[in-house]
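Please read the structure below before turning to the comments.
On a predicted model such as this, the values are computed, not experimentally measured, just so you know.
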Amino acid sequence: MRALPLVSIATLALGVTVGTTAQAAESTYGQGDFFTRAGLAKVSPKDDNGNYDSLGVDKVDVKDGRGFAITFGYRFLDQWGVELLAAQRIKHDFNLDGDKGGSVKHLPPTLTLQYYPLGGTDARVQPYVGAGINYTRFSAESVDIDGASMDMDNSWGWAGQVGVDLLINDHWAINAAAWYLDIDSNVTASAGGETYRTHLEIDPVVIMSGISYRF
């Protein structure tokens, strides 16, 4: 389901460090920068998210979702910063043994500590990597079975990030970024007066492309 492997984004973000310092930006990219990034994001869960043996389901498959995402960040040193990822509630359909099973929405706020290898220089290409934590809140769970309901526990997990800013001028840049999010959930379904439980591993890659603005 993932359109681009995470390693491709990592190669883009880290590989562009070679030869970029020859070009000068209008101001130094580094300590004291407040910034925001915004764009469209694709959330691609891993294949085969688990099973629901108590319901006789061998495979649960959570599908891709898309939505608007925005980040807010601060570089407290030339090469170090923090960034918070936020997004609209993103909807995912899911299949049970290949058939449409229902849908769920989630909010995935993610906080990362970032390293900028070219921070503090006038390079126009500024790659970065990050690591941190993710909190995912599930809502609007629905099951395409008459009389059935479903509840998904919220999730805490670790997160990894790679990205790159392509500076246009003093304030604006083109941005591409990707996150890996460790998202697991205990799921409870109710039907016919009975309760059925399982555990799902969603673990998506989030790919965002958009713009960046330095204040």
For this session: Begin from the C-alpha positions of Thr36 and Phe215 and carry the test side-chain contact (heavy atoms from CB on, under 4.5 Å) through to its verdict.
Result: CA-CA 8 Å; Thr36 183; Phe215 295 94; 4.0 Å; yes
Exercise. According to a 4.5 Å side-chain heavy-atom criterion applied to Ile, Leu, Val, Met, Phe, Trp and Tyr, with indirect links allowed, do Val62 and Val57 form part of one hydrophobic cluster?
Worked result: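 Val62 and Val57: one cluster.
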Exercise. Do Trp179 and Leu40 share a hydrophobic cluster, counting only Ile, Leu, Val, Met, Phe, Trp and Tyr and linking them when any side-chain heavy atoms are less than 4.5 Å apart?
Worked result: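 No; Leu40 is not reachable from Trp179 via cluster members.
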Closest approach of [X] and [Y], non-hydrogen atoms and distance?
X: Ser139; Y: Val104; answer: O-CG2, 3.6 Å
X: Leu118; Y: Ala123; answer: CD1-CB, 4.0 Å
X: Gly119; Y: Gln79; answer: O-CG, 3.7 Å
X: Lys100; Y: Gly102; answer: CE-O, 3.3 Å

Exercise. Has the side chain of Asp53 got a donor or acceptor atom that lies under 3.5 Å from a matching backbone atom of Gly56?
Worked result: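 Judged by distance alone, no pair lies under 3.5 Å.
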Exercise. Backbone N or O of Gly73 within a donor-acceptor pair of the Glu83 side chain at under 3.5 Å?
Worked result: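 The answer is no, because no donor-acceptor pair under 3.5 Å joins these two groups.
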Drop me the distance from [X]'s [atom1] to [Y]'s [atom2], to the nearest 0.5 angstrom.
X: Ile133; Y: Leu181; atom1: CD1; atom2: CG; result: 12.0 Å
X: Ser190; Y: Asp151; atom1: OG; atom2: CG; result: 8.5 Å
X: Ile211; Y: Asn175; atom1: CD1; atom2: CG; result: 9.5 Å
X: Asn49; Y: Asp61; atom1: CG; atom2: CG; result: 6.0 Å

Problem set entry | Lys59/Asp97 under salt bridge (Lys or Arg N to Asp or Glu O under 4.0 Å): CA gap, chis, key distance, verdict | CA-CA 5 Å; Lys59 182 178 181 181; Asp97 285 341; over 6 Å; no
For this session: Decide yes or no on side-chain hydrogen bond (donor to acceptor under 3.5 Å, both in side chains) for Tyr128 and Asp165, but give the supporting numbers first.
Result: CA-CA 8 Å; Tyr128 55 91; Asp165 275 337; 5.0 Å; no
For this session: Using side-chain contact (heavy atoms from CB on, under 4.5 Å) as the criterion, list what pairs up with Ala69, not counting sequence neighbours.
Result: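 Once residues adjacent in sequence are excluded, the partners of Ala69 under the side-chain contact (heavy atoms from CB on, under 4.5 Å) criterion are Ala41, Leu85, Ala87, Met208.
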So, are [X] and [Y] salt-bridged, with charged N and O less than 4.0 Å apart?
X: Asp64; Y: Lys42; value: yes
X: Asp93; Y: Lys63; value: no
X: Lys105; Y: Glu141; value: no

Just so I know, are the side chains of [X] and [Y] near enough to count as touching, which here means a heavy-atom distance under 4.5 Å?
X: His92; Y: His106; result: yes
X: Val187; Y: Met150; result: yes
X: Val205; Y: Ile207; result: yes
X: Leu167; Y: Arg214; result: yes
X: Ile174; Y: Ile168; result: yes
X: Ile183; Y: Phe138; result: yes
X: Ser149; Y: Val143; result: no
X: Thr121; Y: Gln126; result: yes

Exercise. Do Arg75 and Phe35 pass the side-chain contact (heavy atoms from CB on, under 4.5 Å) test, and can you show the C-alpha distance, the side-chain angles, and the key distance before you say yes or no?
Worked result: CA-CA 8 Å; Arg75 278 180 286 276; Phe35 60 89; 3.4 Å; yes
Would you say the side-chain atoms of [X] and [Y] include a donor-acceptor pair closer than 3.5 Å?
X: Ser185; Y: Ser155; value: no
X: Thr110; Y: Asn134; value: yes
X: Tyr116; Y: Asp78; value: no
X: Thr112; Y: Gln161; value: yes

For this session: Start with the C-alpha distance between Tyr135 and Asn154, add both sets of side-chain angles, then the distance that settles side-chain contact (heavy atoms from CB on, under 4.5 Å), and finish with yes or no.
Result: CA-CA 8 Å; Tyr135 172 73; Asn154 300 333; 3.1 Å; yes
Between side-chain atoms of residues 192-202 and protein atoms elsewhere (two or more places apart, or another chain), which donor-acceptor pairs fall under 3.5 Å?
unit_1, atom_1, unit_2, atom_2, d
Thr198, OG1, Asn51, O, 2.6
His199, ND1, Asn186, OD1, 2.8
Glu201, OE1, Lys46, NZ, 3.0

Exercise. Given the rule in the side-chain contact (heavy atoms from CB on, under 4.5 Å) test, do Asp99 and Leu96 qualify, once you have shown the distances and angles that lead to the verdict?
Worked result: CA-CA 5 Å; Asp99 297 324; Leu96 303 176; 5.8 Å; no
Exercise. Which residue pairs pass the ring-ring contact (aromatic ring centres under 6.0 Å, His included) test when at least one of the two sits in residues 66-91, sequence neighbours left out?
Worked result: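 Passing the test, one end in residues 66-91: Phe34-Tyr74, Trp80-Tyr115.
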